[in-house]
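FYI, the numbering just counts along the sequence from 1. In what follows, every heavy atom counts, from backbone to side chain, and hydrogens, waters and symmetry copies are set aside. Everything numeric in this text was worked out from a predicted model, so none of it was measured.
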Amino acid sequence: MEACHPPQQSNGTSYGAMALAIITLEVFAGMWINAFIVCVLCIAWVKKKTLNSNEKILLLLGCSRISFLCDAWLYHFLSKIFPNFPHFQTILKVLASIATSFNYSNLWISACLCGFYCIKIANFRNSFFIYLKVKIDRMVPWLLLGTGILALAMISVTYVLKETLQKNNITFICQENFWEVTIRKDKHHFPFHFLAGLVFAASFLVVTFSAVSLLFSLWRHKRTMQTNSMKDLSMDAHIRAMKSVLSFLVMYSINFVCLILTIIYDTKKDNIMTLLIYIYLHAFPGVHSLILIFSNPKLEKALLKFLSCVRWEFFMK
């Protein structure tokens, strides 16, 4: 039986400790960045008694990402500190279900933000697009409410799927009946993988469509301005939105690949590829939110003011 133990057990332990250390740093930075967004928007909300649609989306996105990062870190911490304690298995399943649901919610809210930029800034003569441009501000609260309800529903769905996977889990010694066991495991994992792939693909398509639409609108608007020898303020809005959405698209492309790889490497918990995937996925909420800050003049101004105050306090000491 001694020969049946994996030879890379010590490597798996070192990968787990390294992953926890790196994820802890990423979670701290990501929570700080998103907490900054939430604080600035809440202060503006208190002062103005209202928020525009863009700010509402950013506020919900920041809160959702803080919840995801906190829950994901707690899951990784408990799973590394108490890996074989039966009493923690139910807690870990609940935490994993909540983290998965918040991750889905983050993807959808980010996709809604890109779609909002596209509808608000792009110029098309299509009647349906004009209708969306007029009604989008009224639709945003309902979209955010639907996202929240969907996230709550996803917690139950993912928990039931994980419970089913655990009940149907098949244990085997060494390489006995390897192919039969692998096929049966893949069959039991299929509903969860299908749901995850559907959410990933849908949000990625929304972001891609928004980026392409904005790029086409910018090209057509620029050609019109050159023909008429005119300058328009909407050109600057196009360019700012285009930079933001294109950066989203690049990050979403990498994020989409990593999310698909998590499905492929789902049963391989401790290897270098899994470590790299989790490092990127936990860095994504912080880096993406940092891009959002620098693409929003109000948030950028608040951040620069905050950093100047911190620097002044540091030099005064």
Who are the side chain to side chain contact (heavy atoms under 4.5 Å, CB included) partners of [X], not counting sequence neighbours?
{"X": "Phe28", "result": "none"}
{"X": "Ile33", "result": "Ser289, Leu290, Ile293"}
{"X": "Leu304", "result": "Glu300"}

request  = For Lys48, enumerate each residue passing the salt bridge (charged side-chain N to carboxylate O under 4.0 Å, His left out) test, keeping only those at least two apart in sequence or located in another chain.
outcome  =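 Scan of Lys48 (salt bridge (charged side-chain N to carboxylate O under 4.0 Å, His left out), adjacent residues dropped) gives Glu55.
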Legend entry - Contacts of Lys301 that satisfy salt bridge (charged side-chain N to carboxylate O under 4.0 Å, His left out) - sequence neighbours left out: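 Applying salt bridge (charged side-chain N to carboxylate O under 4.0 Å, His left out) to Lys301 gives none.
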- Message: Could you walk me through whether Phe209 and Leu205 satisfy the side chain to side chain contact (heavy atoms under 4.5 Å, CB included) test, starting with their C-alpha distance in whole Å, then the side-chain angles of each, then the deciding distance to 0.1 Å, before giving a yes or no?
- Response: CA-CA 6 Å; Phe209 178 78; Leu205 286 175; over 6 Å; no
Q) After noting the C-alpha distance and the side-chain angles of Phe284 and Asn106, does the key distance pass the side chain to side chain contact (heavy atoms under 4.5 Å, CB included) rule? A) CA-CA 11 Å; Phe284 177 77; Asn106 293 336; over 6 Å; no
Q: Keeping to residues at least two apart or across chains, list the side-chain hydrogen bond (donor to acceptor under 3.5 Å, both in side chains) pairs with something in residues 22-33.
A: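 As it turns out, the side-chain hydrogen bond (donor to acceptor under 3.5 Å, both in side chains) pairs with a partner in residues 22-33, which skip direct neighbours, are Thr24-Trp73.
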Review point. Pick from Ser213, Ser210, Ser203: which one makes a side-chain contact (heavy atoms from CB on, under 4.5 Å) with Cys114?
Key: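 Among Ser213, Ser210, Ser203, the one that satisfies the side-chain contact (heavy atoms from CB on, under 4.5 Å) with Cys114 is Ser210.
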Start with the C-alpha gap between Ser105 and Phe68, add the side-chain angles, then the distance that decides, and say whether side chain to side chain contact (heavy atoms under 4.5 Å, CB included) holds. CA-CA 9 Å; Ser105 178; Phe68 165 73; over 6 Å; no
task = Taking atom types as modelled, find out whether Ser110 and Arg65 have a side-chain donor-acceptor pair closer than 3.5 angstrom.
result =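 Result is yes, a qualifying pair exists.
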ask   = Yes or no on side chain to side chain contact (heavy atoms under 4.5 Å, CB included) for Leu292 and Leu299, after CA distance, side-chain angles and deciding distance?
value = CA-CA 8 Å; Leu292 287 174; Leu299 292 175; 5.6 Å; no
| Is the Phe36 ring parallel, tilted or perpendicular to the Phe306 ring (thresholds 30°, 60°)? |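 Tilted: the ring planes of Phe36 and Phe306 meet at 30° to 60°.
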